[in-house]
Amino acid sequence: MSNPPFVPASGAAQTDAMADVPAAVPVEAASPRSQAAVAASQEILVNWAPQETRVAVIEHGAVQELHLERTLERGLVGNIYLGKVTRVLPGMQSAFVDIGLERAAFLHVADVWQRHGNGEPPATVRRLEAVTPIEKQIFQGQSLVVQVIKDPLGQKGARLSTQISVAGRSLVFLPQDDHIGVSQKIPPAERDALRQRLQTLVAAHTPKGQSTGGFILRTNGEDASDEELLDDIRYLRLTWQKIRQAALSQPAPSLLHQDLDLLRRVLRDLVSDATRSVQIDSREQFEALQAFAREFTPGAVDRLQHYSGERPIFDLYNVDEEITRALGRRVDLKSGGYLIIDQTEALTTIDVNTGGYVGARNFDDTIFKTNLEAAQAIARQLRLRNLGGIIVVDFIDMTQDKHRQQVLQEFRRQLARDRVRTTVCDFSTLGLVEMTRKRTRESLAHVLTQPCQACAGTGEVKTPRSVCYDILREILREARQFNPREIKVLAAPEVIELFLDEESQFLASLSDFIAKPIALVAEAALAPDRYDIVLV
C-alpha cells in the first residue's frame, strides 16, 4: 500500500513523547536556541546509492553522527502492523506476536497501552504502581495493532508497543490518549504557554462528541505558526483514520504503515536551526527531496544543496576513515591517552587510559585532564557508533572529589547534545559511571560487521601449540576407537610448521605408540584453531 509522507516514527516520536514526565536521572538536552549556538556550523552530507544511503552529521569539521540504511535491510522502528498473538507468557509478563517477520516479535506488559483519565501522561512514558497482568489483557489468537519500538537485535525479535504514536512536522499524535504535552527539550519557562496554545487549537478543531486525541509538541515545533500546527493536526488525524481502516480490512499479520526512508527522515528528524546545509550527491534524489521539503518541511528547502564535486562527498571530511576508526576497539585522544571500547550483547564497556600523556604539572592533573578529554570523546563515540543499552565507563581513578564532579558535569554537558535520550548515574563506589542510552536500532558495528569465523566473536583463538596438543590427544582417541591404516592431519600452516619443528619428537613418539603413520597437510584456508583428522 502507498504510504503518506509522515508516518509513525518511534525514534523521534518516543523521544518527544517523554514530555512533562520526570525521569530518574536524565541528561537534559540543550534547548534549540542553545543547540544552534553550540552547533551553528552543522552540515549534513548524504551519500546515496541504489543499494545504500549513508548520512553523516558534521559539526565544527568533525563527524558527530553516522546513519546508514540499506535497501534490502531497512529498519522496522516506527512501522505499524496488524499482528496476531501466538503465545502469552504469564511468568514473563510478555507475549509473542506474529507480525509477518522471520521471528516473532516481543510485547512486554509495560508496553501494553492502558487508558487513564484525561490529563494523564501516556501509560508508556510514566511509571505505573499497578499494572494489569498481561494474561488479563490479551489472549492467544487475538489481533492487535502494534508499533515497532526496537528493531530485532541479535537473536532477539522486534520489540512492540500497543501505544501508537504518529510523528508529523511539529507534533506527535497519540490517538489513544487525550494528553497535551510539550517536549522536554523546550525550555521549561516556555512550556506552559505552548501547551495552552496547543490545547486551544486542538479543542477548537475537534468536532463535538469526538475524542481530541493526545498531542505532543515536538522540539522543532516551538516556532511553528498556528496554521502549521493546524495542518499537522489535520494530517495526523487523517493518517490515523487510514491506519484504522487498513486494520479493519486486512488480515493479520499485515503491514499497515511503514516509516519514512532515511533520506526523508533526515529532513524530519535531523535538520534544525543549527543546520547550515544538507548536501546530496544524487541529482535525482536531490530533486525528490526538494519536492518533499516544499510540501512538508518548507524551512529546509533553502538548505538543500546538490553536491556535484569530482571527489566523493564523504571525502570532504574523511568520513570513510571515521567509519573505519569507529569499528575499532581503540580510540586515541589528542593528549596521548586512549579509550578501549568493548561491545557485548548485554552492555558496552569503555576503559579510559592515560597512555603516553604526561603533560600536566602533577599526576592528579594528568589524570584529570585525560578524563575531561575522555568525557568529550566518549559522548561523541556513543553517537558515532550508535551505542545503546547499558554502558559502563571506567574513568581513571581520581583522588579529589571536585575532579570527579567536574568530569561528570562535563560528561553530562556533552551528552546533552545527543538527540537520543540518555540517563547518567553518579560515580559508583568502585569509581565507575553507569549510564543508559536508548537503543532502537543496531549499532554501527552490528550493521557493518559480523563475528570473525576464526574466533566466533571472542577476539581470541588458541595458540598453535595448544592446537598441536589438541590434535595429539584426538589422534590417540581415534586410534583407540578405530583401526586405520594411516592418519592424516589437516591444519593451519603455523600448526604444521610447529609439528615439523619443536613438536616433532612428540608426534614421532605418538606415531610409534599407536603403530600408525601420521601424515601432515598444511591447509591455508583453515583458521588457526581449526583442524581435521582423516582416517585412511
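Using modelled atom types, no side-chain atom of Arg325 and backbone atom of Asp332 make a donor-acceptor pair closer than 3.5 Å. Panel note: side chain Thr370, backbone Thr366; a donor-acceptor pair is recorded below 3.5 Å. Judged by distance alone, with hydrogens and angles left aside, the side-chain atoms of Glu410 form no donor-acceptor pair with the main-chain N or O of Gln376 at under 3.5 Å. Under a 3.5 Å cut-off, the side chain of Gln176 and the backbone N or O of Ile164 do form a donor-acceptor pair. Here the side chain of Asp261 pairs a donor or acceptor atom with the backbone of Arg264 at under 3.5 angstrom. Although no hydrogens or angles enter the test, the distance criterion places a donor-acceptor pair under 3.5 Å between the side chain of Asp151 and the main chain of Val77. A donor-acceptor pair under 3.5 Å is absent between the side-chain atoms of Gln250 and the main chain of Leu256, judged by distance alone. No donor-acceptor distance shorter than 3.5 angstrom exists from the side chain of Asp394 to the backbone of Leu432, with no hydrogens or angles considered. The backbone N or O of Ala379 lies less than 3.5 Å from no partner atom in the side chain of Gln414, so there is not a single donor-acceptor pair. With Thr71 contributing its side chain and Pro50 its backbone, the two residues share a donor-acceptor pair below 3.5 Å.
Annotation: the span from Ile340 atom CD1 to Asn353 atom CG amounts to 6.5 Å, rounded to 0.5 Å. Atoms CZ and OG1, on Arg404 and Thr399 in that order, are 7.5 Å from each other to the nearest 0.5 Å. Here the CD1-CG distance, from Ile496 to Leu490, works out to 7.5 Å after rounding to the nearest 0.5 Å. Atom-to-atom distance recorded for Ile350:CD1 and Leu387:CG is 6.5 Å, nearest 0.5 angstrom. Here the CG atom belonging to Leu526 is positioned 6.0 Å from the CG atom belonging to Asp532, to the nearest 0.5 angstrom. Interatomic distance, CG of Leu262 versus CG of Leu68, reported as 8.0 Å (0.5 Å rounding).
When all heavy atoms of Arg74 and Asp259 are compared, the pair lying nearest together is NH2-O, 2.7 Å. Taking each heavy atom of Phe139 and Val85 in turn, the nearest pair found is O-CB, 3.4 Å. Minimum heavy-atom separation, Gly61 to Tyr317: O-CD2, 3.7 Å. Pairing each heavy atom of Pro152 with each of Arg103, the nearest pair is CB-NH2, 3.6 Å. When all heavy atoms are compared, the tightest approach of Ala326 to Arg385 is O-NH1, 3.0 Å. Shown here for Leu255 and His257, the closest heavy-atom pair between the two residues is CD1-O, 3.2 Å.
Evaluated for a salt bridge (charged side-chain N to carboxylate O under 4.0 Å, His left out) with Arg380, the options Glu59, Glu373, Glu322 yield exactly one hit, Glu322. Considering Ile323, Val319, Asn318, Thr324 as possible partners of Glu321, the one that fulfils the side-chain contact (heavy atoms from CB on, under 4.5 Å) test is Asn318. Shown are Ile99, Ile149, Val97; of these, the side-chain contact (heavy atoms from CB on, under 4.5 Å) with Leu107 is made only by Val97.
Enclosure of atom NZ in Lys516 by more than 12 non-hydrogen atoms of other residues, nucleotides or ligands within 6.0 angstrom is indicated. Within 6.0 Å of CD1 in Ile390 there are 12 or fewer heavy atoms belonging to other residues, nucleotides or ligands. No more than 12 heavy-atom neighbours from other residues, nucleotides or ligands sit within 6.0 angstrom of CZ on Phe513. Atom CD of Gln51 is surrounded by more than 12 heavy atoms from other residues, nucleotides or ligands within 6.0 Å.
Considering only heavy atoms from C-beta on, Glu486 comes within 4.5 Å of Pro517 through its side chain. The side-chain heavy atoms of Asp269 and Arg265, taken from C-beta on, include a pair separated by under 4.5 Å. At least one side-chain heavy atom of Leu382 sits under 4.5 Å from a side-chain heavy atom of Leu415. Side-chain atoms of Arg419 and Glu65, non-hydrogen and from C-beta on, do get closer than 4.5 Å to each other. Counting heavy atoms from C-beta outward, Asp342 and Asp351 have side chains that stay 4.5 Å or more apart. The shortest side-chain heavy-atom distance between Val148 and Tyr81 falls under the 4.5 Å cut-off. Considering only heavy atoms from C-beta on, His67 stays 4.5 Å or farther from Arg441 through its side chain. In this structure, the side chains of Thr348 and Ile341 come closer than 4.5 Å at one or more pairs of heavy atoms.
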Would you please test Leu101 and Leu76 for side chain to side chain contact (heavy atoms under 4.5 Å, CB included) and show each step?
CA-CA 10 Å; Leu101 303 179; Leu76 306 176; 3.3 Å; yes

Before you tell me yes or no, could you show the steps for Gln343 and Ser443 under side chain to side chain contact (heavy atoms under 4.5 Å, CB included), namely the whole-Å CA-CA distance, both residues' side-chain angles and the distance that decides it to 0.1 Å?
CA-CA 10 Å; Gln343 186 180 355; Ser443 69; 2.9 Å; yes

With side chain to side chain contact (heavy atoms under 4.5 Å, CB included) as the test, would you mind laying out the steps for Leu66 and Asn386 before giving the verdict?
CA-CA 8 Å; Leu66 288 167; Asn386 193 26; over 6 Å; no

Yes or no on side chain to side chain contact (heavy atoms under 4.5 Å, CB included) for Gln381 and Val331, after CA distance, side-chain angles and deciding distance?
CA-CA 9 Å; Gln381 290 296 321; Val331 178; 3.8 Å; yes

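The aromatic rings of Phe395 and Phe427 sit tilted, their planes meeting at an angle between 30° and 60°.
Salt bridge status for Arg54 with Asp320: present, with a side-chain N to carboxylate O gap under 4.0 Å. The pair Asp426-Arg412 counts as a salt bridge, with a side-chain nitrogen and a carboxylate oxygen less than 4.0 angstrom apart. Ion pair Asp111/Lys150 not flagged as a salt bridge, since none of the NZ, NE, NH1 or NH2 atoms sits closer than 4.0 Å to an Asp/Glu carboxylate oxygen.
In the model, Glu523 has no side-chain atom that pairs as donor or acceptor with a side-chain atom of Tyr531 under 3.5 Å.
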